[in-house]
Amino acid sequence: MAKELLIQALSEALTRAQTAGDIPENAAAEVELQTPRDPRHGDLSTGLAMVIASETGRPAREVAETLLRHLQLPEGLVDDISVAGPGFVNFTLSAAWLRGIVRRVLDQGERYGRSEVGGGRSLLLEFVSANPTGPLAVVQGRAAAVGDTLANLFERIGWRVSREYYVNDATNSTQVQRFAETLDARYLQQLGKDASVPEDGYQGEYVVDMAAELVAAEGDRYLEMPHAERLTALYEYCLRQIVASHKRDMLAFGVEFDTWFMESSLHENDEVARAMEALKEAGHSYEADGAVWLRATELGDEQDHVLIRSDGRPSYLAGDIAYHKNKFERGFDRLIDIWGPDHQGHVKRTKAGVQALGYDASRFEILIHQIVRLFRGSEMVRMSKRAGDIVPLAGLVEDVGPDAARFFFLMQSMDSQLDFDLELAKKQANENPVYYVQYAHARICSILREAEERGVRLPQPDAVNLDRLEAPDELGLARKLGDLPDEIQQAAERCETHRMTRCARELGAAFHSFYTNCRVLNDDAELTAARLSLVQAVRTTLRIVLDIIGVSAPEKM
RNA sequence: GCGCCAGUAGCUCAGCUGGAUAGAGCACCAGACUUCGGAUCUGGGUGUCGGGGGUUCGAAUCCUCCCUGGCGCGCCA
């Protein structure tokens, strides 16, 4: 807000200076403002004069002074402007402006930080999309936390967001068949028959449990079926259970999808066949070695990829291309997929497929998050669905709770791998930063409760004299509240969800510091009212941030 | 061999569309409350920002080469 106003004023100043001939016309610099690390350098700072100086060969400080002569700022925005160092122009926001932020938060309430930059455009966000061959693992939690938070962020800035989960349930897929064979073996074993899990099958114990449940529910009625038929029947039964468990796990984690998209529906509706036909007509596929290939090399990939196997079954890629065609046909303005790091190699070929169908690839982004490594103490836990060592997400959520789990997953950039120590997360749950932030919220609620008990009336926004807020901690806190709208927008536009946890912690820190130094309920009624207003604004802001990352804001802890 | 990600304080990581003296949390040490919740606050950092070269007023940030680690490179998904 303040940033936009300053950028505009600076741009106008530059134009005026150029019109007046004080700065050469050819100096075309874009105005950028940053928050200086050192608070002595003000609240906002620009290196504009230095850029112009290097373009025109004039001394930077002189250019800065020239800019300032032409600068006309909105009334009451800035207290101090200075030219510093090699030619920085530093601005210090006025106390009145900072108090205005508090008033704005009180006025806007939950709507604070919302914007319409998205313009009501539609976004399909696909994430998690784990194979239906077992329970959701801890890694999926990272995708879920990031995806859901990103969806919240985009909704905040005016996009219409749809959350989608893609279920790879195509029964002709090799992995599903492998899984079905494993299930079959476990089923037979449950019924006392001699059978063994195929070598490339799923070794995990959870398949044994599934088979046991199957027997408990359905008995031996599949036993007499022909082998192929039994495989299908067993799998279809378990598919329902698995998808249901995924839905349950996601819900327990606080994530609700708008659609669960079944890959099988693409095959049943001939959408895969139609997509393949379209690729062929567009000249982007060819036959070789009895298979049909995507000419991905012509669209930026290193190699071509099989679309239809020589036995006639479509590949995973074929289904995925048809799936993304379907997404575009549903009319979304923008698609974002969040994938795990093992799918990194699929980015180029999927984009190539989308492009080959004639869709605008710039409307389709694929974000890759890095792995989650699990530790029990110092021992690393190997995770592989087929090897069977799954650490289920549901167990983690039960252990540390959805709040701590989500916060933890969101604390670092999705580009870096995440080490999750299960013991530490359990044992030292109290030290998890999520509590620091939640405690700030609970403390505020406690103050407000206390005020009520003492019969202190909560101030009417119009009647409060916010001028009484003048301590550094008070104004610093207000400044933090003012950062939120820009933070939300940046986090959404750059798809950087970890910015929100940082934002939450900084907000909490600013509040805790304020709390220590400024007594809210005091003998001065006017000051008490002003501080109660500030505290209410902080509560609103904290709730917004916590809501975005999907963490609860408890009133008591 | 090729591709993607990472390499920053003892540990875990921010900072990366170039800005001033490179930050936070944890751990460790020392302090702070007769009053609103001590799950708090305050103070304490000698870091080859993996290494070399380049670009420029200015590089952790951009380019390039190299080193190390993770992940991927299938007519699996």
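First the proteins, then the strands, lettered A, B, ... as listed; each starts at 1. FYI, side chains are in, hydrogens and waters are out, and symmetry mates aren't considered; it's all heavy atoms of this structure.
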Sequence neighbours excluded, which residues qualify as side-chain contact (heavy atoms from CB on, under 4.5 Å) partners of A:Ala525? none
What are the residues of residues 511-524 of chain A, sorted by number, that bring a heavy atom to within less than 4.0 Å of RNA chain B? A:His512, A:Ser513, A:Tyr515, A:Thr516, A:Cys518, A:Arg519, A:Val520, A:Leu521
Would you indicate what A:Glu506 reaches in the nucleic acid, counting non-hydrogen atoms under 4.0 angstrom: base, sugar-phosphate, or nothing? nothing
At 4.0 Å (heavy atoms only), tell me whether A:His498 reaches a base, stays on the sugar-phosphate, or touches nothing. sugar-phosphate
Side-chain N or O of A:Tyr436 closer than 4.0 Å to phosphate OP1/OP2 of B:C41: yes
Of the listed nucleotides (B:G37, B:C36, B:C76), which one gets closest to any side-chain atom of A:Arg443? B:G37
Sequence-distant partners of A:Thr149, side-chain hydrogen bond (donor to acceptor under 3.5 Å, both in side chains), two or more places apart: none
Using the ring pair (Phe, Tyr, Trp, His ring centres under 6.0 Å) criterion, which residues pair with A:Phe127? Sequence neighbours excluded. A:Phe257
Answer with base, sugar-phosphate or nothing: what part of the nucleic acid does A:Ser446 contact at a heavy-atom distance below 4.0 Å? base
Report yes or no: is there a donor-acceptor pair, N or O only, under 3.5 Å between the side chain of A:Gln412 and the base of B:C13? no
Going by the rule side-chain contact (heavy atoms from CB on, under 4.5 Å), which residues pair with A:Pro198 if we only count those two or more places apart in sequence or in a different chain? A:Glu181, A:Thr182, A:Asp200
My understanding is that only residues two or more places apart in sequence, or in another chain, count here; which of them pass side-chain contact (heavy atoms from CB on, under 4.5 Å) with A:Tyr515? A:Arg443, A:Ile447, A:Phe511
Which atoms of nucleotides 18-22 of chain B (N or O only) lie under 3.5 Å from a protein N or O atom, and what are those distances?
| unit_1 | atom_1 | unit_2 | atom_2 | d |
| --- | --- | --- | --- | --- |
| B:A20 | OP1 | A:Arg37 | NH2 | 3.1 |
| B:A20 | OP2 | A:Arg37 | NH2 | 2.3 |
| B:A20 | N6 | A:Ser45 | OG | 2.8 |
| B:A20 | N6 | A:Asn90 | OD1 | 2.6 |
| B:A20 | N6 | A:Asn90 | ND2 | 3.4 |
| B:A20 | N1 | A:Asn90 | ND2 | 3.0 |
| B:U21 | O4 | A:Arg40 | NH2 | 2.7 |

Hey, mind stepping through A:Asp419 and A:Arg373 against salt bridge (charged side-chain N to carboxylate O under 4.0 Å, His left out) and telling me if it holds? CA-CA 5 Å; A:Asp419 289 348; A:Arg373 294 194 308 171; 3.0 Å; yes
Determine, for nucleotides 1-10 of chain B in 5'-to-3' order, which nucleotides have protein heavy atoms under 4.0 Å from the base (write B), from only the sugar-phosphate (write S), or from neither (write -). --BSSS----
Establish, with yes or no, whether the OP1 or OP2 oxygen of B:A39 is under 4.0 angstrom from a side-chain nitrogen or oxygen of A:Tyr435. no
Heavy atoms only: give me the nearest A:Leu410-A:Thr501 pair and the separation to one decimal. O-OG1, 3.2 Å
Only stems of 3 or more consecutive Watson-Crick or G-U pairs count here, both distances under 3.5 Å; name the ones for RNA chain B, or none. B:1-7 with B:67-73, B:10-13 with B:23-26, B:28-32 with B:40-44, B:50-54 with B:62-66
Contacts of A:Phe407 that satisfy ring pair (Phe, Tyr, Trp, His ring centres under 6.0 Å) - sequence neighbours left out: none
Just jot down the side-chain contact (heavy atoms from CB on, under 4.5 Å) partners of A:Asp311, sequence neighbours excluded, or say none. A:Arg309, A:Arg313
Does A:Arg457 CZ have over 12 foreign heavy atoms under 6.0 Å away? no
If the cut-off is 4.0 Å, is A:Arg309 near the phosphate of B:C76, judged by side-chain N/O to OP1 or OP2? yes
Going by an N to O cut-off under 4.0 Å, is there a salt bridge joining A:Lys325 and A:Glu271? no
Say we look at B:U12 and B:A6: how far apart would their C1' atoms be, to the nearest angstrom? 14 Å
Reckon A:Ser173 touches a base, only the sugar-phosphate, or nothing at all at heavy-atom distances under 4.0 Å? sugar-phosphate
In terms of the angle between their ring planes, are A:Tyr235 and A:Phe179 parallel, tilted or perpendicular, with boundaries placed at 30° and 60°? perpendicular
Classify A:Arg313 by what it touches in the nucleic acid, base, sugar-phosphate, or nothing, heavy-atom distance under 4.0 Å. nothing
Between A:Lys327 and A:Glu126, does any NZ, NE, NH1 or NH2 come within less than 4.0 Å of an OD or OE carboxylate oxygen? yes
The ring pair (Phe, Tyr, Trp, His ring centres under 6.0 Å) partners of A:His324 (sequence neighbours excluded) come to A:Phe364
Mind checking if A:Ala442 touches a base, just sugar-phosphate, or nothing, with heavy atoms under 4.0 Å? base
